[in-house]
Colleague: 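Just passing along the structure, written as structure tokens.
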Amino acid sequence: MSDSVEQESPEQNLPSSELESFYLTTPIYFVNSVPHLGTAYTTIAADSLARFKRLDGKDTLFLTGLDEHGQKITQSAAAEGLTPQEWVDNIAPKFIDTWKSLGISYDGFIRTTEPRHIQAVQRFFQKLYDNGAIYKGAYKGYYCVPEETFFNDDELFEFAEKRAAEGLAATNEAGQPLCPDCGRPLTFVEEENLYFRLSDYQQRLLDYYEENPNFIRPEIRRNEVVAFVKGGLKDLSVSRTTFDWGVPIPFAEGHVSYVWVDALINYLTAVGYGSDSASDAEEFARRWPAQIHFVGKDIIRFHCVIWPAMLMAAGIELPRQVFAHGFLLTKGEKMSKSLGNVMSPLELAETFSVDGYRYYFLSDFQFGADGSLTMERIIQVYNADLANSWGNLCSRALNMTKKYLDSEVVELWPRTDAALTKRLGNPLREKAETLYASYSKAMDDIDFSKAMAKVLELVDAANLYIEQTAPWSLAKEAAAETAEAEAAGINLDDAKAPTKNDVLDFVLYNLLESIRIAALLFAPVMPQTSAEVWRRLGLGDPLECRDLSAALEWGGLPSGNRVEVGDPLFPRLDADLA
RNA sequence: CGCGGGGUAGAGCAGUCUGGUAGCUCGUCGGGCUCAUAACCCGGAGGUCAGGGGUUCAAAUCCCCUCCCCGCAACCA
């Protein structure tokens with residue numbers, strides 16, 4: 001890659017050219033429910049970055065998967081009369097199907113119940129133990145089984161005060177304290193736990209954040225994490241003895257791993273950690289550390305505090321970046337089933353097409369900040385950007401090529417092209433040639449909306465170009481010119497100056513070439529329609545590109561290709577749908 | 001005084017670091033065009049940039065105060 005902009009950007013520490021591998025992850029999703037908008041959001045974002053990195057020539061490994069352990073799973077399974085394994089085996093295909101429906105191009109899919117992972121977790125624990133980072137301690141206190149959360153006395157006291165202020169009790173009829181989060185009764189537990197010496201890592205973590213300002217993004221999350229760690233860290237209970245649906249800890253009979261510790265290690269397992277095979281070791285050396293973990297802002301602490309501390313304790317390098325995106329809100333409220341404002345990913349994809357859905361989520365809000373979501377707004381953006389601007393541009397250009405050039409791509413001879421460029425200018429080419437730099441910088445900054453806006457600039461410029469050049473007028477003038485020449489017995493092929501037909505060819509080529517380029521740049525986010533646009537231009541699959549910068553060079557659309565008009569890419573939607 | 005983010009046209013946002021005629025998208029009003037998915041292009045209306053004070057030749061932008069909203073405060077995408 002020849003571009004130097006990304007190297008100069010102070011905003012990111014994504015891989016530089018010496019790193020062939022680009023390893024990125026989503027969280028592994030907890031299988032207690034089917035995929036929802038939040039998980040889909042994270043996954044679509046990661047997929048789009050993965051697709052961009054592949055186009056840009058990186059050896060990309062995009063990992064997603066499932067978190068299948070924990071007490072909640074045991075209970076859900078029991079309620080259905082299934083074993084935990086049967087239960088998770090039933091849910092897993094739902095995730096896989098959803099990702100397939102949403103065009104998710106993951107390279108790796110990991111489930112925490114896989115033997116390779118169990119072995120990795122056990123070895124990791126052993127390593128922590130050998131390094132003196134684990135000790136045995138007693139835990140006494142209240143635990144919320146459905147939330148899998150322990151509550152300390154302070155939290156319970158605070159909750160009791162709050163309830164009292166509302167005139168309510170903080171206990172049920174049986175005198176059991178209620179969960180401050182969910183209101184269900186808490187269970188008193190007393191168990192021997194293994195503790196991880198998280199408190200030992202406070203300063204090392206702060207130093208790491210300081211030295212690696214892009215480790216946590218966006219900045220607001222980084223500030224939060226730094227403030228939190230500065231507030232002091234307590235050792236973390238990392239084992240459970242009250243149930244057994246988890247990874248058994250090798251040096252502690254009856255203990256299984258705390259689900260989060262188990263879950264985080266997936267990022268290592270997937271690239272070969274814990275395996276005895278030489279090829280896995282090689283894979284691990286090549287792939288780790290991950291370039292970026294995509295997470296929702298709610299699980300930032302696990303990824304930015306506990307996870308790096310665990311890696312430090314195990315003597316393993318830390319991932320380069322954790323990017324925490326915001327929540328999707330409906331009219332400013334968090335989506336939840338009780339509010340009845342939940343939208344399902346598959347329903348939205350059906351209404352707006354998969355690409356329309358993906359585009360909306362990545363273009364309409366700053367990735368990282370919370371996004372407010374309404375059907376009205378999605379329809380608005382879909383119609384404005386996709387139907388009216390992008391889809392309609394394709395219709396216009398392809399139709400005119402069919403009408404005026406008999407569906408053939410005509411690239412002018414360089415001399416004619418140069419003469420016309422000098423006379424008329426070529427604003428689309430100028431615009432297109434600036435795009436790789438700004439687009440790839442936006443993508444590397446994980447700013448999808450800016451990247452999309454850049455491509456839309458070219459689309460808008462092309463729509464304007466059509467107005468300004470008025471090919472329908474050129475076609476008439478060209479026909480008149482030809483008729484006149486024939487009447488006078490002149491062969492226009494011999495003309496020294498460019499003819500009207502040349503101008504028409506020039507204009508339409510510039511349009512089609514701009515469309516080729518826009519489709520390629522849209523491809524990471526809208527893979528299906530970009531592939532369709534390329535097919536209509538007589539080109540192959542844009543997703544097979546492995547050198548984006550080269551593929552974006554002006555003139556890539558070959559003369560002689562036949563174009564096909566096709567149906568509208570994004571049919572306009574009626575606002576009544578909302 | 002817990003920490004942090006934010007309050008900019010009817011809606012959603014950018015601009016604030018690096019002061020210098022207030023910008024984008026949608027909506028709305030008027031005009032143009034006809035290749036196209038009633039799309040596209042041009043123009044207009046609409047904002048005392050939450051409020052107050054200060055610094056400056058000049059403040060949305062820097063400083064102080066007040067009001068309001070929202071995150072975080074140990075294990076929910």
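Lettering follows sequence order; numbering is per chain, from 1.
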Colleague: Could you tell me whether G232(A) contacts a base, only the sugar-phosphate backbone, or nothing, with contacts defined as non-hydrogen atoms closer than 4.0 Å?
Modeller: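 Result for G232(A) = base.
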Colleague: Any heavy-atom pair between the side chains of F522(A) and L456(A) that's under 4.5 Å?
Modeller: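 Yes - at least one pair of side-chain heavy atoms lies under 4.5 Å apart.
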Colleague: I'd like the P distance from rG15(B) over to rC24(B), given in whole Å.
Modeller: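 Approximately 15 Å lies between the P atom of rC24(B) and that of rG15(B).
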Colleague: Applying a 4.0 Å non-hydrogen cut-off, can you work out what K403(A) is touching in the nucleic acid: base, sugar-phosphate, or nothing?
Modeller: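 Result for K403(A) = sugar-phosphate.
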Colleague: Using the C1' atom as the point on both nucleotides, what is the distance between rG54(B) and rG12(B), in whole Å?
Modeller: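 Taking atom C1' in both rG12(B) and rG54(B), they lie 33 Å apart.
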Colleague: Going by purine N1 to pyrimidine N3 plus the second Watson-Crick contact, or the G-U wobble pair, all under 3.5 Å, which nucleotide sits opposite rG4(B)?
Modeller: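 Answer to the pairing question: rC70(B), which forms a Watson-Crick or G-U pair with rG4(B).
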Colleague: As a test of reading the structure: which of rA74(B), rC26(B), rC35(B) is closest to the side chain of Y404(A), going by heavy atoms?
Modeller: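 The answer is rC35(B), which lies nearest to the side chain.
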Colleague: Which nucleotide, in any strand shown, forms a Watson-Crick or G-U wobble pair with rU55(B), with both distances under 3.5 Å?
Modeller: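 Its partner is none (no Watson-Crick or G-U wobble pair with both distances under 3.5 Å).
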Colleague: Given the C1' atoms of rA9(B) and rU25(B), what is the spacing between them in whole Å?
Modeller: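 Comparing C1' positions in rA9(B) and rU25(B) gives a spacing of 13 Å.
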Colleague: Which is true for Y29(A) with a 4.0 Å heavy-atom rule: it touches a base, it touches only sugar-phosphate, or it touches nothing?
Modeller: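 Since only primed, P, OP1 and OP2 atoms lie under 4.0 Å of Y29(A), the category is sugar-phosphate.
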Colleague: Distance check, C1' atoms only: rA45(B) and rA50(B), in whole angstrom units.
Modeller: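 That atom pair is separated by 24 Å.
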Colleague: Strictly below 4.0 Å, N to O, side chains only: are K402(A) and E564(A) in salt-bridge contact?
Modeller: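 No, no charged N to carboxylate O under 4.0 Å.
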Colleague: Summarise protein proximity over nucleotides 37-43 of chain B in one line of letters, 5' to 3': B for base, S for sugar-phosphate only, - for none, counting protein heavy atoms closer than 4.0 Å.
Modeller: B-SBS--
Colleague: Does a salt bridge link E481(A) with K500(A), judged by any charged N lying under 4.0 Å from a carboxylate O?
Modeller: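 Between K500(A) and E481(A) there is no salt bridge, as every charged N stays at least 4.0 Å from the carboxylate O atoms.
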Colleague: Quick one: does NZ or CZ of R301(A) land under 6.0 Å from the six-membered ring centre of F228(A), within 45 degrees of the ring axis?
Modeller: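 Yes, R301(A) lies over the aromatic ring of F228(A).
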Colleague: Paired with rA39(B): which nucleotide, if any, by Watson-Crick or G-U wobble criteria at under 3.5 Å for both distances?
Modeller: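 Paired with rA39(B), as far as the under-3.5 Å criterion goes, is no nucleotide at all.
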Colleague: Need one value for P35(A): base, sugar-phosphate or nothing, where a base atom within 4.0 Å counts as base even if backbone is also close, heavy atoms only.
Modeller: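 Since no nucleic acid heavy atom lies under 4.0 Å of P35(A), the category is nothing.
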Colleague: Between Y29(A) and W99(A), does the ring centre distance come in under 6.0 Å?
Modeller: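 So the answer is yes for these two rings.
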Colleague: So, K441(A) and D447(A), do they make that salt bridge, N to O below 4.0 Å?
Modeller: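 Result for this pair is no, no salt bridge flagged.
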Colleague: For rU34(B) versus rC41(B), give the span between their C1' atoms, rounded off to a whole number of Å.
Modeller: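 To the nearest whole Å, 11 Å.
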Colleague: Which base sits across from rG27(B) as a Watson-Crick or G-U pair, both distances under 3.5 Å?
Modeller: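 With both distances under 3.5 Å required, rG27(B) matches none.
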Colleague: Do I28(A) and F109(A) come within less than 4.5 Å of each other through their side chains, counting heavy atoms only?
Modeller: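 Sidechains of F109(A) and I28(A): no contact.
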Colleague: Reckon I306(A) touches a base, only the sugar-phosphate, or nothing at all at heavy-atom distances under 4.0 Å?
Modeller: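 Nothing, no heavy atom under 4.0 Å.
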